[in-house]
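Before any comments, here is the structure.
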Amino acid sequence: MLEIQRIRTERDVIIASLAKRNIHVENVIDEIIELDQQWRSNKKELEDISAELNQIARKIGELFQSGQQAAAAELKEKNQLLKTQETTLKSKVEALDAEITSLLYTIPNVPNAEVPHGKEPADNVEVSSSGTIPSFNFEALPHWDLAKKYELIDFELGVKVTGAGFPFYRGKGAKLQRALINFFLEEATQAGYEEFMAPLLVNEASGIGTGQLPDKEGQMYHSTADDLYLIPTAEVPLTNIYRDVLLPNADFSIKLTGYTPCFRREAGSYGKDVRGLNRLHQFDKVEIVRIEHPDNSAAALDEMVQHVAALLDKLELPYRILRLCGGDMGFASAMTYDFEVYSAAQDKWLEVSSVSRFDTFQANRLKLRFKDDNKKTHLCHTLNGSALALPRIVASLLENNQTENGINIPSVLQAYTGFKSI
RNA sequence: GGUGGGAUGGGUGAGUGGCUGAAACCAACAGUUUGCUAAACUGUCGUACGGGUAACUGUACCGCGAGUUCGAAUCUCGCUCCCACCGCCA
């Protein structure tokens, strides 16, 4: 959520920047500014009346103490009148406040100056690419066929026990999952991220804190009996550790990592690119999260991008890095890099990681702040990225490393899997 | 699931109707002292929002929401959460 102060002072910049997302918010912004002015003048009036009421109440107390009952009764009467004024003003102020907040919720984050214009994935800008795309002198199989051939993943069994999008991993397929998780966590630890094992269910306040609620309610599994939500990413529990936190000084850099299964209903995305591991309701992911001083968030984003790139280098996967255009960025993001890995047998790029900075957008909802040297409070910046999400990594590992007689495991993973090939 | 207890500022914790935005202690920060550290002493020390160039000032907040009252941290009602013990259980 954008800060109202920022809308007051940076109206034109905000409107111009949001145009990069291909949305035009001028009317909404002006409506907010208008409502805010009303809110402020009503609030001032309300506070003045409250101040008077407080004074009178004190006076009445004094009169009672000194036994002047008649004078006190007179003041009481005056109070009644002010009291009704206070009540109406109060509900007016509250209504304005609610209206402003609900409008603020509809405005996405302001894209960073470096974010390119554009409205669809084709407008994303390729920043770099790395690795070589394999070619095969036999007929390469897509990962769902390889998974079946080598008994690594059983999708049908998942359908039987749960439903589509909840596969079983078995044998070497299961061990490969565990190896990747351990590899990613180990790399993150070495890069200075503290490892957490987080709850997989969160309460409503946490969902609001990171922005899944109320906007994207239908995307999370909801356990209604206890009113808890299954996490769609470790970002939710990890970032919410810092909800309602005021860091005591400006000298901080918080780096968290965690592996969790992720649960997504993926409502409305049926039919397209959902085959095999390409889109699941439950999948595994190692997430990295950072809480940073505003001055440091640009550097932190670069570091995170380097971290993810290094993981893909070590896994010897061909990938490219895209800077997302305004139209393709997530609601809360100020700037996002996507990583795509080439999946040889499907002959297409698969998104395996998304690394974003949110600036103060999440921190504002989370009430995550720090005190500077002058003891003034400011909102922190938050960032996060997948490092990495497993299914599409597995898909491309299987597809790219296949031979006619088996599948080779990248050397860096062999210590984790305990086998060199499948 | 049952019974009982509780929720106050960074922490412990006092506070049963006005003198309380809140004692005291601890922690933290600044200063004095000091070869260094420590100790001692002095001072500062909640958050949000509004008004004001600023100094400053107003309002709200003692888990959350209503209510009683001229006036509520304090009284009443509802809710949430936490703790302890019992039951069940990995």
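Naming: A, B, ... by sequence-line order, numbering from 1 per chain.
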Under 6.0 Å between the ring centres of A:H281 and A:F263?
no
Taking only the C1' atom of each, what is the distance from B:A66 to B:G11 in whole angstrom?
32 Å
Separation of B:C19 atom P from A:L63 atom CG, nearest Å, is 16 Å
Has A:E287 got a side-chain atom pairing as donor or acceptor with A:A387's backbone, closer than 3.5 angstrom?
no
Taking atom P in both B:G63 and B:A14, what distance in whole Å separates the two?
14 Å
Looking at B:U76, which nucleotide sits across from it as a Watson-Crick or G-U wobble partner, both distances under 3.5 angstrom, or is there none?
B:A66
Which is true for A:Q5 with a 4.0 Å heavy-atom rule: it touches a base, it touches only sugar-phosphate, or it touches nothing?
sugar-phosphate
Looking at A:K43 and A:E47, is any side-chain nitrogen of the basic one under 4.0 Å from a carboxylate oxygen of the acidic one?
yes
Check nucleotides 7-9 of chain B against the protein and report each pair of N or O atoms closer than 3.5 Å, with its distance, or say if there are none.
none

May I have the distance from A:K367 (atom NZ) to B:G46 (atom P), rounded to whole angstrom?
20 Å
Can the positive tip of A:K172 be found less than 6.0 Å from the middle of the six-membered ring of A:Y150, inside 45° of the ring normal?
no
Taking for each residue the nucleotide of RNA chain B bearing the nearest heavy atom, is the 5' side occupied by A:R40 or by A:L246?
A:L246
Separation between the P atoms of B:A60 and B:A54, rounded to whole Å
23 Å
Nearest-angstrom distance from the residue atom NZ of A:K376 to P of B:C45:
17 Å
A:L75 side, atom CG; A:Q55 side, atom CD - distance, nearest 0.5 Å:
11.5 Å
Pick one: which of A:N384, A:L322, A:T336 meets side chain to side chain contact (heavy atoms under 4.5 Å, CB included) with A:S354?
A:T336
How does each nucleotide of nucleotides 54-79 of chain B score, in 5' to 3' order, for protein heavy atoms under 4.0 Å: base (B), sugar-phosphate only (S), or none (-)?
----BBS---------BS--------
Same-atom distance (C1') from B:G65 to B:A7, integer angstrom:
16 Å
Work out how far the P atom of B:C29 is from that of B:G46, and round it to whole angstrom.
16 Å
Lys/Arg-Asp/Glu bridge criterion (N-O < 4.0 Å) met for A:E340, A:R392:
no
